[in-house]
Structure formats: C-alpha cells, structure tokens
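All ligand and atom numbering here is 1-based and tracks the order in the structure.
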Amino acid sequence: MRILGIETSCDETGIAVYDDEDGILSHRLYSQIAVHADYGGVVPELASRDHVRKTIPLIKEVLADANLTPDDLDGVAYTAGPGLVGALLVGCSIGRSLAYGWDLPAVPVHHMEGHLLAPMLEDDVPEFPFVALLVSGGHTMLVRVDGIGHYELLGESVDDAAGEAFDKTAKLLGLDYPGGPALSKMAENGVKGRFKFPRPMTDRPGLDFSFSGLKTATATAIRKEIALNSKMDEQTHADVAYAFQEAVVDTLAIKCRRALEQCQLKRLVIAGGVSANISLREKLEQVTQKLGGQVYYPRPEFCTDNGAMIAFAGMQRLKAQLDEGNNTDLTFKATPRWPLDTLAPV
Ligand code: KG4
Ligand code: ZN
C-alpha cells in the first residue's frame, strides 16, 4: 500500500510518499526560514500563506519524482495537529480535498506521533516497548511507548520546550532564527568549564522539565560579561553556547536515565528537531550503553519537520482505519492543542 503524507503544521511544507514494502519512495521539503528570518521567529499568517503557495506544487513534484499518479495511492495523510491553526488548515483542507477528488481514504495524523515513529523509517527499527524523548520547538516530552497509540506521558516541560530554549538563547547570542543548529555549531569552539549553568529540576524526583530558567541564567551571564568587559568577544559567545548546550543535554540525559530505570526498559528513542543535536545523541549513546541498552533516532533530515514521518504514521493509522471499515467523513478538523496520550491505540 502507498500513502501520500502532507506536513504543514509550522514553518516547513513537507511532502512524501511511503510504501509499506519499499519505504519512502520520494520526499521533498520546503523550508520557510527565509520568510520568517527578518522577524526572528515564525509569523503564523505568513506561514499559512506560504503553505498555500507551496503544498500543491510540491505534491506534484513528489509524485513525478516517484513516477506515480494518484491512481497508485491508497490514502492521503495530513497533519491535523498540534501546530499553528492556519498552517494546519492548509494541509488539512488540501489533504481532505485530494482524498475526496481521488476517491481515497483521508487520514488525519498527530504531528508528535509522526516525530515519535520517525526512527522506524531507519534500518534498525526499535522494538516496543521503549521510552521516547520527544524534543522539538514546541514540545519536550518523555513517553512510555508500548505500541502505536499506546502512549503514557511520563513527563513534560512545565514552560519552554527544549528547542524553544535553544532558539531564545541563540537570539541572545546574536544568532538568526532558528537558532538551535547555529548555537550548536558555535558551541563547537567553546571551552568547557568557563561558565556553568543549572540542570533544572534534576535535584528532585519526577520526570518533568523546565527550561525557561536556563535561558535567564544565560542572559544574566551575558549581562555580567558585558558589564565587566564592556563587550562579548567571539570566544565568550562560544563558551556561553557550550555551557548552555551542556546544561540542556545533561538535564535531558538525567531524565532519560531516570525514565528508563523507572520503566525498567533499555531502549530509548529520541525524535523531534533537537534530536538532530550531535552532543545530545552522543550523551544518550553513553547513557543507554551504561544501562546495557540502545538509543534510536531518525536520520537528521527526519528529525526536524518533514512529510516522510507523516506518511509513515499515516500508513499505520490507515491500516487501522481500514480494519474498522474506513473513514468516510468528509469534514476535517485542525486541532492546535492535542495531547498525544489521547490517541486511539492501534
Ligand atoms: O521538530 P521541529 O522541526 O519543529 C517542531 O515541531 O517544533 O523542531 C524545531 C526545533 C527548533 O527549535 C530548532 O532550533 C531545533 O529543533 N533544532 C536543534 C537542532 N536542529 C534543530 N536544536 C539543537 N541542535 C540542533 N542541531
Ligand atoms: Zn515538529
């Protein structure tokens, strides 16, 4: 079976075709970074308008790349939430309309389930059950995963998401949006130990996170440095970036180890934009190795938003939907806030 996947929840238009025997047949991504760069963050209305311009041309390109016509498809999956409501509505309306026009089942997909299942597009597929750390621009969650749709939320951020903290701190360091990858590059030249930031909420039990204080600690360090030396030189920028990244990575690693121990599991999955971070991957390799387990993550291009993960999650949901007699409902709904643990088990 083959399915088209459409992702438009934020600032990337991602389109892909997934085949349940041959894997991803074709995928394309259009990033709106240039559209939002001048504003230092995503402008929702501009995001929606750009998805309107890009979604259908990209679908045509993806089908042409794979040498397919709509007759070769068995369903159309689209991200229905969570995300920006206007951006979501573009993918939902195009996805639902194409499914109607092509006489195919339409499959609404949860964006974070897409991220969560993205490591399954790789050769070494994690077996259930496992613990998943979902770290993106909008979410930081630890989830116990016993199967598709069998999700137990173990902990989440009480304020900023990890990616959001990367982006806000990067801005303080004068880096362009989205700052996560740029901050991580800057940290490569940083010296360990010059700055030391807290590991929030690690000194008490529990699996929740808080990252907003870390951003404030960074801002204070920068202010002190400027008061002392009247400027921030290049090395100081790199040293602050290093200490910030080290604090985020350590905090995530401490909570991942705690979650694995609490669930008595050894398999850890990491997904979402921040899972592209090399330092985080290396640290979690060490943590899982010490526990005699393994860490699984998607290739870098499938860590950040993409259509492939929506096509893959959509295929799992399509099969369940067909078993239940398919969904012939012609309405569609964009759900900007949508808890992951409310999804139906498959
Ligand atoms: O999953 P994603 O593409 O979008 C959301 O669903 O939010 O994640 C984007 C986030 C941004 O905050 C971005 O700065 C961060 O992921 N990110 C990184 C890296 N690559 C992307 N953060 C740290 N290091 C990276 N290499
Ligand atoms: Zn995402």
* Using a distance-only test with no angle check, is there a side-chain donor-acceptor pair under 3.5 angstrom linking Tyr297 and Glu285? -> yes
* Asked: Can you find a side-chain donor-acceptor pair between Thr236 and Asp233 that sits under 3.5 Å?
  -> yes
* To do: Answer yes or no for Lys255 and Phe209: cation-pi contact, defined as NZ/CZ to six-membered ring centre under 6.0 Å and angle to ring axis within 45°.
  => yes
* Identify whether NZ of Lys or CZ of Arg in Arg144 sits under 6.0 Å from the centre of the six-membered ring of Tyr151 and within 45° of that ring's axis. => no
* Using a 4.0 Å heavy-atom threshold (strictly under), name the region of His139 that reaches ligand 1: side chain, backbone, both or neither. => neither
[atom]: nearest protein contact (heavy atom, Å):
atom	answer
atom 22 (N) of ligand 1	Gly180 CA, 3.5 Å
atom 24 (N) of ligand 1	Asn277 ND2, 3.0 Å
atom 19 (C) of ligand 1	Gly273 O, 3.7 Å
atom 3 (O) of ligand 1	Asp305 N, 3.0 Å

Does any N or O atom in [X] lie less than 3.5 angstrom from one in ligand 1, N or O only?
X	result
Pro178	no
Gly272	no
Ser184	no

* To do: Going by heavy-atom distance to atom 10 (C) of ligand 1, choose the closest among Gly137, Ala165, Gly179.
  => Gly137
If the cut-off is 4.0 Å to any non-hydrogen atom of [X], which atoms of ligand 1 fall inside it?
X	result
His115	1 (O), 6 (O)
Asp167	11 (C), 12 (O), 13 (C), 14 (O)
Gly138	7 (O)
Gly163	12 (O)
Thr304	3 (O), 21 (C)

* Does Arg2 use its side chain to pair, donor to acceptor, with the backbone of Asp72 at less than 3.5 Å? -> yes
* Asked: Does any N or O in the side chain of Asp22 come within less than 3.5 Å of the main-chain N or O of Asp19, such that one atom is a donor and the other an acceptor?
  -> no
Between [X] and [Y], does the ring centroid distance fall short of 6.0 Å?
X	Y	result
Phe166	Phe244	yes
Phe128	Phe130	yes
Phe302	His27	yes

* Asked: Heavy atom of His111 under 4.0 Å from ligand 1?
  -> yes
* Going by heavy atoms, is Cys10 under 4.0 Å from ligand 1? -> no
* Structure fact -> Closest non-hydrogen contact found for Arg199 with Thr251 is CA-OG1, 3.4 Å
* Of the options Thr335, Asp305, Thr79, which is the one that meets His111 in a side-chain hydrogen bond (donor to acceptor under 3.5 Å, both in side chains)? -> Asp305
* Are Asp176 and Lys171 close enough, and set up right, to give a salt bridge (charged side-chain N to carboxylate O under 4.0 Å, His left out), and what steps lead you there? -> CA-CA 6 Å; Asp176 287 339; Lys171 213 173 189 176; over 6 Å; no
* To do: Give a yes/no answer: is there an N/O/S atom of His115 under 2.8 Å from the Zn ion (ligand 2)?
  => yes
* **Under 2.8 Å: N/O/S of His111 next to the Zn ion (ligand 2)** => yes
* Give the name of the N/O/S atom in Asp305 that lies closest to the Zn ion (ligand 2). => OD1
